[in-house]
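To keep things clear, I will list the structure first and then write my remarks on it.
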Amino acid sequence: MNDSYRHKGLRKKLVEQVRAKGIRNEEILNALQAVPRHFFLDSSFVEIAYQDKPFPIGAGQTISQPYTVAFQTELLQVEKGNKVLEVGTGSGYQACVLAEMGARVFTIERHHSLYRKTKQLLNEMKYSIKLFYGDGYEGLPAFAPFDRILVTAAAPQVPRKLLDQLKIGGMMVVPLGKGDTQIMTRVVKHGDDELEKQEFGNFRFVPMLGDKER
Ligand code: SAM
(Lines give C-alpha, C1' and ligand atoms only; values in the text may rest on other atoms or scores of the structure.)
Protein backbone atom coordinates (compact mmCIF):
# COMPACT_ATOMS: atom_id res chain seq x y z
CA MET A 1 0.00 0.00 0.00
CA ASN A 2 1.61 3.17 -1.22
CA ASP A 3 0.54 6.63 -0.11
CA SER A 4 2.75 8.94 -2.17
CA TYR A 5 3.08 12.74 -2.35
CA ARG A 6 0.86 12.56 -5.40
CA HIS A 7 -1.90 10.81 -3.44
CA LYS A 8 -1.56 13.31 -0.60
CA GLY A 9 -1.79 16.17 -3.11
CA LEU A 10 -4.94 14.72 -4.68
CA ARG A 11 -6.36 14.33 -1.18
CA LYS A 12 -5.58 17.93 -0.31
CA LYS A 13 -7.61 19.08 -3.33
CA LEU A 14 -10.48 16.85 -2.26
CA VAL A 15 -10.36 18.27 1.27
CA GLU A 16 -10.52 21.80 -0.15
CA GLN A 17 -13.60 20.84 -2.20
CA VAL A 18 -15.29 19.45 0.90
CA ARG A 19 -14.40 22.63 2.82
CA ALA A 20 -15.84 24.76 0.00
CA LYS A 21 -19.11 22.82 0.29
CA GLY A 22 -19.47 24.01 3.89
CA ILE A 23 -17.58 21.63 6.20
CA ARG A 24 -15.52 23.86 8.50
CA ASN A 25 -14.60 21.50 11.33
CA GLU A 26 -10.80 21.24 11.07
CA GLU A 27 -10.66 17.92 12.93
CA ILE A 28 -12.90 16.36 10.30
CA LEU A 29 -10.94 17.91 7.44
CA ASN A 30 -7.69 16.66 9.03
CA ALA A 31 -9.19 13.18 9.31
CA LEU A 32 -10.11 13.24 5.59
CA GLN A 33 -6.53 14.31 4.84
CA ALA A 34 -5.17 11.48 6.99
CA VAL A 35 -7.12 8.56 5.49
CA PRO A 36 -5.81 7.37 2.08
CA ARG A 37 -9.15 6.93 0.29
CA HIS A 38 -7.49 5.15 -2.65
CA PHE A 39 -6.76 2.17 -0.36
CA PHE A 40 -10.52 1.48 -0.25
CA LEU A 41 -10.93 1.12 -4.03
CA ASP A 42 -9.19 -1.10 -6.58
CA SER A 43 -5.79 0.24 -7.54
CA SER A 44 -6.98 1.24 -11.03
CA PHE A 45 -9.31 3.86 -9.49
CA VAL A 46 -6.81 6.24 -7.87
CA GLU A 47 -8.12 9.34 -9.68
CA ILE A 48 -11.72 8.39 -8.92
CA ALA A 49 -10.88 7.86 -5.23
CA TYR A 50 -10.13 11.57 -4.98
CA GLN A 51 -13.27 12.82 -6.63
CA ASP A 52 -16.07 13.91 -4.32
CA LYS A 53 -18.31 11.05 -5.44
CA PRO A 54 -19.67 7.73 -4.17
CA PHE A 55 -18.29 4.67 -5.94
CA PRO A 56 -19.20 0.96 -6.23
CA ILE A 57 -17.30 -1.37 -3.86
CA GLY A 58 -18.91 -4.70 -4.82
CA ALA A 59 -21.98 -6.61 -3.56
CA GLY A 60 -24.13 -3.80 -5.04
CA GLN A 61 -22.84 -1.36 -2.37
CA THR A 62 -20.98 1.95 -2.45
CA ILE A 63 -18.33 3.88 -0.59
CA SER A 64 -20.07 7.12 0.43
CA GLN A 65 -19.20 10.47 -1.11
CA PRO A 66 -16.49 12.21 0.99
CA TYR A 67 -18.75 15.24 1.52
CA THR A 68 -21.48 12.96 2.89
CA VAL A 69 -18.95 11.23 5.19
CA ALA A 70 -17.85 14.65 6.47
CA PHE A 71 -21.45 15.88 6.82
CA GLN A 72 -22.59 12.84 8.82
CA THR A 73 -19.44 13.04 10.97
CA GLU A 74 -20.10 16.73 11.66
CA LEU A 75 -23.70 16.03 12.71
CA LEU A 76 -22.50 13.27 15.01
CA GLN A 77 -20.40 15.74 17.08
CA VAL A 78 -17.83 13.08 17.87
CA GLU A 79 -15.61 13.72 20.87
CA LYS A 80 -12.26 12.03 21.55
CA GLY A 81 -12.77 8.74 23.38
CA ASN A 82 -16.44 8.42 22.35
CA LYS A 83 -17.65 4.88 21.82
CA VAL A 84 -19.20 4.96 18.36
CA LEU A 85 -21.26 2.30 16.60
CA GLU A 86 -21.37 2.52 12.81
CA VAL A 87 -24.00 0.49 10.94
CA GLY A 88 -22.88 -0.30 7.38
CA THR A 89 -19.09 -0.80 7.37
CA GLY A 90 -18.94 -1.06 3.58
CA SER A 91 -15.39 -0.20 2.52
CA GLY A 92 -14.36 0.86 6.05
CA TYR A 93 -13.58 4.44 4.99
CA GLN A 94 -16.08 6.16 7.30
CA ALA A 95 -14.94 3.98 10.21
CA CYS A 96 -11.33 5.12 9.65
CA VAL A 97 -12.41 8.78 9.56
CA LEU A 98 -14.13 8.27 12.94
CA ALA A 99 -11.04 6.52 14.31
CA GLU A 100 -8.87 9.44 13.15
CA MET A 101 -11.19 11.71 15.18
CA GLY A 102 -10.25 9.75 18.30
CA ALA A 103 -13.41 7.64 18.52
CA ARG A 104 -13.44 4.00 19.66
CA VAL A 105 -15.18 2.51 16.65
CA PHE A 106 -17.43 -0.55 16.44
CA THR A 107 -18.87 -1.27 13.01
CA ILE A 108 -21.28 -3.86 11.56
CA GLU A 109 -21.67 -5.08 7.97
CA ARG A 110 -24.31 -7.50 6.67
CA HIS A 111 -22.45 -8.59 3.50
CA HIS A 112 -19.92 -11.24 4.37
CA SER A 113 -17.72 -10.57 1.34
CA LEU A 114 -17.41 -6.86 2.27
CA TYR A 115 -16.88 -7.70 5.93
CA ARG A 116 -14.00 -10.06 5.07
CA LYS A 117 -12.33 -7.72 2.60
CA THR A 118 -12.61 -4.70 4.90
CA LYS A 119 -11.41 -6.62 7.97
CA GLN A 120 -8.23 -7.54 6.13
CA LEU A 121 -7.69 -3.98 4.87
CA LEU A 122 -8.17 -2.35 8.29
CA ASN A 123 -5.78 -4.87 9.84
CA GLU A 124 -3.18 -4.00 7.22
CA MET A 125 -3.77 -0.29 7.88
CA LYS A 126 -3.29 -0.97 11.63
CA TYR A 127 -6.55 0.60 12.74
CA SER A 128 -7.90 -0.84 15.98
CA ILE A 129 -11.49 -0.76 14.80
CA LYS A 130 -13.81 -3.57 15.93
CA LEU A 131 -15.57 -5.09 12.91
CA PHE A 132 -18.61 -7.35 13.14
CA TYR A 133 -20.51 -9.38 10.58
CA GLY A 134 -24.24 -9.22 11.23
CA ASP A 135 -27.50 -7.34 11.05
CA GLY A 136 -27.16 -3.72 12.03
CA TYR A 137 -30.83 -3.58 13.06
CA GLU A 138 -29.77 -5.69 16.06
CA GLY A 139 -26.89 -3.40 16.96
CA LEU A 140 -24.25 -4.78 19.34
CA PRO A 141 -26.03 -5.24 22.69
CA ALA A 142 -22.94 -6.86 24.24
CA PHE A 143 -20.97 -3.64 23.72
CA ALA A 144 -23.73 -1.10 24.45
CA PRO A 145 -24.28 1.61 25.47
CA PHE A 146 -22.75 3.85 22.81
CA ASP A 147 -22.11 7.61 22.93
CA ARG A 148 -22.88 7.90 19.25
CA ILE A 149 -24.48 5.76 16.55
CA LEU A 150 -24.01 6.43 12.85
CA VAL A 151 -26.13 4.65 10.26
CA THR A 152 -24.67 4.80 6.75
CA ALA A 153 -27.59 3.12 4.92
CA ALA A 154 -31.17 4.34 4.48
CA ALA A 155 -33.52 3.17 7.24
CA PRO A 156 -37.32 3.40 6.90
CA GLN A 157 -37.54 4.61 10.52
CA VAL A 158 -35.26 5.04 13.52
CA PRO A 159 -34.25 1.45 14.45
CA ARG A 160 -35.66 0.84 17.95
CA LYS A 161 -32.93 -1.56 19.12
CA LEU A 162 -30.26 0.96 18.16
CA LEU A 163 -32.01 3.68 20.19
CA ASP A 164 -32.02 1.34 23.17
CA GLN A 165 -28.23 0.97 22.80
CA LEU A 166 -27.63 4.72 22.83
CA LYS A 167 -26.55 6.42 26.07
CA ILE A 168 -28.77 9.08 27.60
CA GLY A 169 -27.37 12.30 26.16
CA GLY A 170 -26.11 10.38 23.12
CA MET A 171 -26.81 11.07 19.45
CA MET A 172 -27.69 8.97 16.42
CA VAL A 173 -27.35 10.15 12.83
CA VAL A 174 -29.43 8.21 10.32
CA PRO A 175 -30.76 8.88 6.79
CA LEU A 176 -34.50 8.19 7.05
CA GLY A 177 -36.90 7.30 4.25
CA LYS A 178 -38.03 4.51 1.93
CA GLY A 179 -38.00 6.31 -1.42
CA ASP A 180 -35.19 7.45 -3.71
CA THR A 181 -34.02 10.12 -1.29
CA GLN A 182 -33.77 10.21 2.48
CA ILE A 183 -33.81 12.94 5.07
CA MET A 184 -30.61 13.14 7.08
CA THR A 185 -31.80 13.00 10.66
CA ARG A 186 -30.12 13.46 14.02
CA VAL A 187 -31.82 11.95 17.06
CA VAL A 188 -30.71 13.24 20.45
CA LYS A 189 -31.64 10.92 23.32
CA HIS A 190 -32.44 13.19 26.26
CA GLY A 191 -34.14 10.38 28.18
CA ASP A 192 -35.49 6.87 27.54
CA ASP A 193 -38.71 8.34 26.18
CA GLU A 194 -37.45 11.80 25.41
CA LEU A 195 -36.09 12.04 21.89
CA GLU A 196 -35.36 15.15 19.88
CA LYS A 197 -35.33 14.76 16.09
CA GLN A 198 -33.57 17.27 13.86
CA GLU A 199 -33.55 17.17 10.04
CA PHE A 200 -30.73 18.22 7.71
CA GLY A 201 -31.80 17.93 4.08
CA ASN A 202 -32.00 15.24 1.42
CA PHE A 203 -29.41 12.59 0.67
CA ARG A 204 -29.33 9.36 -1.31
CA PHE A 205 -28.23 6.08 0.32
CA VAL A 206 -28.44 2.36 -0.41
CA PRO A 207 -31.14 0.78 1.77
CA MET A 208 -30.52 -0.67 5.21
CA LEU A 209 -31.77 -4.22 4.76
CA GLY A 210 -32.92 -6.67 7.40
CA ASP A 211 -31.67 -10.21 7.86
CA LYS A 212 -34.06 -11.84 5.40
CA GLU A 213 -34.02 -9.13 2.73
CA ARG A 214 -31.88 -9.34 -0.38
N1 SAM B 1 -19.81 3.47 5.56
C2 SAM B 1 -19.46 2.86 4.30
C3 SAM B 1 -18.11 3.28 3.81
O4 SAM B 1 -17.46 4.12 4.44
O5 SAM B 1 -17.70 2.72 2.80
C6 SAM B 1 -20.48 3.08 3.22
C7 SAM B 1 -21.70 2.38 3.51
S8 SAM B 1 -22.72 1.90 2.17
C9 SAM B 1 -23.39 3.42 1.67
C10 SAM B 1 -23.98 1.10 3.15
C11 SAM B 1 -23.53 -0.21 3.77
O12 SAM B 1 -24.55 -0.64 4.68
C13 SAM B 1 -23.39 -1.32 2.75
O14 SAM B 1 -22.12 -1.89 2.84
C15 SAM B 1 -24.49 -2.32 3.13
O16 SAM B 1 -24.14 -3.67 2.86
C17 SAM B 1 -24.62 -2.06 4.62
N18 SAM B 1 -25.89 -2.48 5.21
C19 SAM B 1 -27.15 -2.41 4.71
N20 SAM B 1 -28.05 -2.91 5.60
C21 SAM B 1 -27.33 -3.33 6.68
C22 SAM B 1 -27.67 -3.93 7.91
N23 SAM B 1 -28.93 -4.24 8.23
N24 SAM B 1 -26.67 -4.21 8.78
C25 SAM B 1 -25.37 -3.93 8.49
N26 SAM B 1 -24.99 -3.36 7.34
C27 SAM B 1 -25.95 -3.05 6.44
Side-chain angles (χ1 to χ4, degrees), residues 14 18 28 31-32 34-42 45 48-76 78 84-101 103 105-122 125 127 129-141 143 146 148-163 165 172-178 180-182 184 202-214:
L14 172 65
V18 172
I28 296 174
L32 293 188
V35 182
R37 193 169 185 260
H38 64 285
F39 287 0
F40 300 82
L41 302 180
D42 285 349
F45 298 125
I48 286 170
Y50 292 111
Q51 293 175 7
D52 189 22
K53 289 186 181 156
F55 197 72
I57 51 171
Q61 306 303 319
T62 51
I63 180 173
S64 299
Q65 180 180 347
Y67 171 73
T68 304
V69 170
F71 191 80
Q72 286 201 292
T73 307
E74 191 160 71
L75 290 183
L76 205 60
V78 180
V84 180
L85 172 63
E86 180 201 23
V87 173
T89 315
S91 68
Y93 177 69
Q94 169 78 73
C96 293
V97 169
L98 292 170
E100 288 289 343
M101 308 267 308
V105 185
F106 296 71
T107 179
I108 317 178
E109 173 55 53
R110 76 185 285 274
H111 274 289
H112 199 256
S113 57
L114 289 178
Y115 160 78
R116 253 190 297 118
K117 190 171 164 196
T118 300
K119 192 170 175 66
Q120 186 179 342
L121 175 67
L122 299 196
M125 291 176 76
Y127 278 106
I129 291 169
K130 307 244 178 329
L131 269 87
F132 297 82
Y133 166 58
D135 178 6
Y137 278 106
E138 298 297 321
L140 291 174
F143 298 91
F146 296 95
R148 303 283 187 268
I149 298 181
L150 176 59
V151 181
T152 67
Q157 66 255 326
V158 181
R160 181 71 236 181
K161 289 185 184 173
L162 295 185
L163 263 186
Q165 293 173 32
M172 182 190 314
V173 171
V174 51
L176 288 181
K178 287 182 190 161
D180 280 352
T181 59
Q182 296 80 41
M184 190 63 79
N202 289 331
F203 284 79
R204 204 179 271 262
F205 279 82
V206 294
M208 180 172 170
L209 298 175
D211 228 6
K212 306 279 180 295
E213 294 171 286
R214 278 286 125 215

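In this chain, residues are counted from 1 in sequence order. Remember, it's 1-based here, ligands and their atoms both numbered in the order they're listed.
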side-chain contact (heavy atoms from CB on, under 4.5 Å) with Pro175: of Arg204, Met208, Gln182, only one passes, and it is Gln182
Note: Ile149 and Leu76 closest approach over all heavy atoms is O-CD1, 3.5 Å
Could you check ligand 1 for N or O atoms lying under 3.5 Å from protein N or O atoms and list the pairs with distances?
unit_1   : atom_1 : unit_2 : atom_2 : d
ligand 1 : 1 (N)  : Glu86  : OE2    : 2.9
ligand 1 : 1 (N)  : Gly88  : O      : 2.9
ligand 1 : 1 (N)  : Thr152 : OG1    : 3.2
ligand 1 : 4 (O)  : Gln94  : N      : 3.0
ligand 1 : 5 (O)  : Ser91  : N      : 3.0
ligand 1 : 5 (O)  : Ser91  : OG     : 2.6
ligand 1 : 14 (O) : Glu109 : OE1    : 2.7
ligand 1 : 14 (O) : Glu109 : OE2    : 3.4
ligand 1 : 16 (O) : Glu109 : OE2    : 2.6
ligand 1 : 20 (N) : Leu209 : N      : 3.0
ligand 1 : 23 (N) : Asp135 : OD1    : 3.0
ligand 1 : 23 (N) : Leu209 : O      : 2.5
ligand 1 : 24 (N) : Gly136 : N      : 2.7
ligand 1 : 26 (N) : Arg110 : N      : 3.3

Verify side-chain contact (heavy atoms from CB on, under 4.5 Å) between Val78 and Leu98, making sure each step is shown before the conclusion.
CA-CA 8 Å; Val78 180; Leu98 292 170; 3.9 Å; yes
Can a donor-acceptor pair be found between the side chains of Thr73 and Gln94 at a distance below 3.5 Å? yes
Between the CG atom in Leu131 and the CZ atom in Arg116, the distance rounded to the nearest 0.5 Å is 13.0 Å
- [ ] Fit a plane to each ring of Phe132 and Phe143, take the angle between them on a 0 to 90° scale, and name the class: parallel (under 30°), tilted (30 to 60°) or perpendicular (over 60°).
- [x] tilted
